[in-house]
Amino acid sequence: MATDTPMQLGMIGLGRMGANLVRRLMRDGHHCVVYDLNESAVRELEGEGAVAAGTLGDLVAKLERPRAAWLMLPAAVVQPTLDQLTELLDPDDAVIDGGNSYYRDDITRAAQLAPRRIHYLDCGTSGGVWGLDRGYCLMIGGEPEPVARLDPIFRTIAPGVGSAEPTPGRHANGTAPDGYLHCGPSGAGHFVKMVHNGVEYGMMAAIAEGLSIIEHADAGRRKRTADAETAPLREPEAYQYEIDVGEVAEVWRRGSVVGSWLVDLAADALARSPKLEEFTGRVSDSGEGRWTVLAAVDEGVPAAVISTALTDRFQSRGLGEFADRVLSAMRGEFGGHAEKRSRP
Ligand SMILES: O=C(CO)[C@H](O)[C@H](O)COP(=O)(O)O
């Protein structure tokens, strides 16, 4: 592949996502000027053909006008970086925030930059570490003109039409079949990406729970002590299966209704480590799940699966421990039920 319309883009933030976006752009014939606080990340991409910048000012100076600068940064450092960067920009330049910022911050930022005619686009970017080869699904918000101007950049980053079968009966115009979509005005891109990540929480939780139920299908074989904490297992003979969950994930990948990239990834992880012993099971969350639930509450829309998946993550980090103590205490109070000190 090689683009018909090579463009120049400044990339600020060369972590796994930013660096691979640059590589994908350069592979397709675009020109990148790159900056990161981590100099070795800059040098590495310079070795691959990017133009290195030592400071934000240097990056701005090396970009042709109207400039386009893409931020690929953790949400917490977007604002300070933007404050410095936009001081150096001119009317008609465009900034694209490709990270996972809160869509409400996009609305504020775009409005603040509008009087200076600096365009601010929000671009939800999904694809993770696999995006270099698979491409990244892009969910874009902002004014139509800069979105149209940057089309060759979005087109290169996105997976392209070949990445999925065409949907029968769906019109073929527009860019969604290529894997990128102008979702609406400022904030709309990150709004759609926020909900995408909420969906991700729910799907991940369902896959994990299903595989866990299968992992425990031998519960009838496990020895229980007389003072076990749990009620006796009903019909132990019904739970006598020792099923290899890695093999189940593998077979689900083939023709099943739940086959998906997330199942592919689960199968991969289980193939490397059947009991996943290197994980403690503390699952982080970086904001999008919470914001999705807040939006559902504001809209008055039921979102039980995503909400539960979010609080499961809190539980995984021990944040439910106090509630568990209160439960245990109440149980002791009303029934004199002593808490079991050790697990069977
Ligand atoms: O955007 C992503 C995938 O689409 C990121 O991987 C996501 O930020 C991970 O989110 P969390 O830390 O909340 O699980």
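Computed from a predicted structure; not experimentally measured. Read the numbers this way: they start at 1 and go in the same order the structure lists the ligands and their atoms.
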Undergrad: Parallel, tilted or perpendicular: which one describes the rings of Y180 and F154, with boundaries at 30° and 60°?
TA: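 If you compare the ring of Y180 with that of F154, the planes turn out tilted.
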
Undergrad: Would you say the side-chain atoms of T311 pair up with the backbone N or O of T308, donor to acceptor, closer than 3.5 Å?
TA: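 At least one qualifying donor-acceptor pair exists.
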
Undergrad: Give the other cluster members for L85, using side-chain heavy-atom distances under 4.5 Å between Ile, Leu, Val, Met, Phe, Trp and Tyr residues; answer none if it is isolated.
TA: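 Answer for L85: I12, V33, Y35, L37, V51, L56, L59, V60, L63, L71, L73, V77, V78, L82, L88, L89, V95, L113, I118, Y120.
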
Undergrad: Side chains of L132 and R27: does their closest heavy-atom pair fall under 4.5 Å?
TA: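 In short, these two side chains touch, coming nearer than 4.5 Å.
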
Undergrad: Has the side chain of E64 got a donor or acceptor atom that lies under 3.5 Å from a matching backbone atom of Q8?
TA: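 Side chain of E64 to backbone of Q8: no pair is present.
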
Undergrad: Would R134 and D264 count as a salt bridge (charged side-chain N to carboxylate O under 4.0 Å, His left out) here? Give the steps.
TA: CA-CA 14 Å; R134 286 169 46 117; D264 295 350; 5.7 Å; no

Undergrad: Between the protein and ligand 1, which nitrogen or oxygen pairs come in under 3.5 Å, and how far apart is each?
TA:
unit_1: ligand 1; atom_1: 1 (O); unit_2: N100; atom_2: ND2; d: 3.1
unit_1: ligand 1; atom_1: 1 (O); unit_2: K193; atom_2: NZ; d: 2.5
unit_1: ligand 1; atom_1: 1 (O); unit_2: N197; atom_2: ND2; d: 3.1
unit_1: ligand 1; atom_1: 4 (O); unit_2: K193; atom_2: NZ; d: 3.4
unit_1: ligand 1; atom_1: 4 (O); unit_2: N197; atom_2: OD1; d: 3.2
unit_1: ligand 1; atom_1: 4 (O); unit_2: E200; atom_2: OE1; d: 2.8
unit_1: ligand 1; atom_1: 8 (O); unit_2: N100; atom_2: ND2; d: 2.9
unit_1: ligand 1; atom_1: 10 (O); unit_2: S286; atom_2: OG; d: 3.4
unit_1: ligand 1; atom_1: 12 (O); unit_2: S286; atom_2: N; d: 3.4
unit_1: ligand 1; atom_1: 12 (O); unit_2: S286; atom_2: OG; d: 2.6
unit_1: ligand 1; atom_1: 13 (O); unit_2: Y201; atom_2: OH; d: 2.5
unit_1: ligand 1; atom_1: 13 (O); unit_2: S286; atom_2: N; d: 2.8
unit_1: ligand 1; atom_1: 13 (O); unit_2: S286; atom_2: OG; d: 3.1
unit_1: ligand 1; atom_1: 14 (O); unit_2: R313; atom_2: NH1; d: 2.7

